[in-house]
Amino acid sequence: PVAASNLGALLVEGGNFQEGKDLLEQALEIEPSHTLYNGLGLLFQAQNNQDKALEAYQDALDMEPENPEVLNNIAITYQSMGKNEKAATYFNKVLDVKPNQSEVYLNLGNLLLSLNRFDEAVIIYRMALTVNPGDYAIPPYLVHALMHQCKWDNLQGVVEQVINNTEKQIALDQPISAT
């Protein structure tokens, strides 16, 4: 099952969804696991088959109910379907299980920002920075949310942080984080 799973994942990554799916399903027949179901869910999600993705993710959760990766994938799937409240619920479930996930805070903050829930987005972005103060991706989104709130009291400090982060990324020849 491990070889079939790995080969299936490589085929999917290369765009050969049907062969990848076949191998993942063969591996599931031999030895079902939450990892294989999660991989199948990602495959369906890549094919924009969100309902099938959710089914596969649910099978993964049946095996490991608090798996943060699967919960996050469900949240992303619901968000792509426009089911934003369900997405927010699952992002929060991830944070309940594994609270030090700055990328999940960022995902939740971006969801709230897209819903024009700026006050909540600012809180979530600040929590993300508390968890990972060195994450260069977060400050630009925080600036964006603060500007929508029309709260200027700490805006300059955050803008300066974005500028400093950008200068560091340029000096290190890294991609620039931006909204």
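Here the structure is a predicted model, which means the values were calculated and not measured.
- Under the ring pair (Phe, Tyr, Trp, His ring centres under 6.0 Å) criterion, no residue pair touches residues 9-49, with sequence neighbours excluded.
- Within the structure, every pair that satisfies the ring pair (Phe, Tyr, Trp, His ring centres under 6.0 Å) test and touches residues 50-93, not counting sequence neighbours, is listed here: Y78-Y90.
- In this structure, CG in L108 is found 10.0 Å from OG1 in T89, a value given to the nearest 0.5 Å.
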Give the intermediate values and the outcome of side chain to side chain contact (heavy atoms under 4.5 Å, CB included) for residues Q101 and V131. CA-CA 7 Å; Q101 299 291 305; V131 169; over 6 Å; no
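- For the atom pair CG of L42 and CD of Q47, the computed distance is 11.5 Å after rounding to the nearest 0.5 Å.
- The nearest pair of heavy atoms linking A145 to A121 is CB-CB, 4.3 Å.
- For E25, the salt bridge (charged side-chain N to carboxylate O under 4.0 Å, His left out) partners two or more places apart in sequence, or in a different chain, are K21.
- Atoms CG and CD1, on N38 and I74 in that order, are 8.5 Å from each other to the nearest 0.5 Å.
- Residues N84 and L112 are not in side-chain contact: their nearest non-hydrogen atoms beyond the backbone lie 4.5 Å or more apart.
- Residues that satisfy the side chain to side chain contact (heavy atoms under 4.5 Å, CB included) test with E13, not counting sequence neighbours, are absent from this structure.
- Residues forming a side chain to side chain donor-acceptor pair (under 3.5 Å) with Q50 (at least two apart in sequence, or on another chain): N48, S80.
- For the pair N72 (side chain) and P68 (backbone), a donor-acceptor distance under 3.5 Å is absent.
- By the criterion of side-chain heavy atoms lying less than 4.5 angstrom apart, applied directly or through intervening Ile, Leu, Val, Met, Phe, Trp or Tyr residues, L7 is not grouped with L43; the two fall into different hydrophobic clusters.
- Checked against side chain to side chain contact (heavy atoms under 4.5 Å, CB included), E19 has the following partners two or more places apart in sequence or in another chain: L11, N16.
- Interatomic distance, NE2 of H148 versus CG of N116, reported as 7.0 Å (0.5 Å rounding).
- Listed by first and then second residue, the salt bridge (Lys or Arg N to Asp or Glu O under 4.0 Å) pairs that reach into residues 72-91 are E85-R117, sequence neighbours excluded.
- In the hydrophobic clustering of ILVMFWY residues, with side-chain heavy atoms under 4.5 Å counting as a link, L111 and L142 come out apart.
- Judged as a salt bridge (charged side-chain N to carboxylate O under 4.0 Å, His left out), and not counting sequence neighbours, K93 has no contacts.
- Residues satisfying the side chain to side chain contact (heavy atoms under 4.5 Å, CB included) test with S33, not counting sequence neighbours, are T35, L36.
- Listed by first then second residue, pairs satisfying salt bridge (Lys or Arg N to Asp or Glu O under 4.0 Å) with a partner in residues 39-66 number zero, not counting sequence neighbours.
- Counting heavy atoms from C-beta on, the side chains of L54 and M81 come closer than 4.5 Å.
- Cluster membership check: V122 shares its hydrophobic cluster with L106, using side-chain heavy-atom separations under 4.5 Å among Ile, Leu, Val, Met, Phe, Trp and Tyr.
- Residue M127 is not grouped with residue I138 when hydrophobic side chains (ILVMFWY) are merged at heavy-atom distances under 4.5 angstrom, including chains of intermediate members.
- The OH atom of Y105 sits 11.5 Å away from atom CG of L129, with the distance rounded to the nearest 0.5 Å.
- Annotation for A53 and G41: closest pair CB-O, 3.4 Å, computed over non-hydrogen atoms.
- For N110, the side chain to side chain donor-acceptor pair (under 3.5 Å) partners two or more places apart in sequence, or in a different chain, are Y125.
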Test side chain to side chain contact (heavy atoms under 4.5 Å, CB included) applied to L61 and L71, step by step: CA-CA 8 Å; L61 282 185; L71 292 168; 3.9 Å; yes
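- Of the N and O atoms on the side chains of Q45 and N73, not one donor lies less than 3.5 Å from an acceptor on the other residue.
- Using a 4.5 Å cut-off between side-chain heavy atoms of Ile, Leu, Val, Met, Phe, Trp and Tyr, with links allowed through other members, V94 and I123 fall into the same hydrophobic cluster.
- D22 is linked by a side chain to side chain donor-acceptor pair (under 3.5 Å) to Q18, counting only residues two or more places apart in sequence or in another chain.
- Using a 4.5 Å heavy-atom threshold, the side chains of L113 and H144 count as touching.
- Atom CD of Q58 has more than 12 neighbouring heavy atoms from other residues, nucleotides or ligands inside a 6.0 Å radius.
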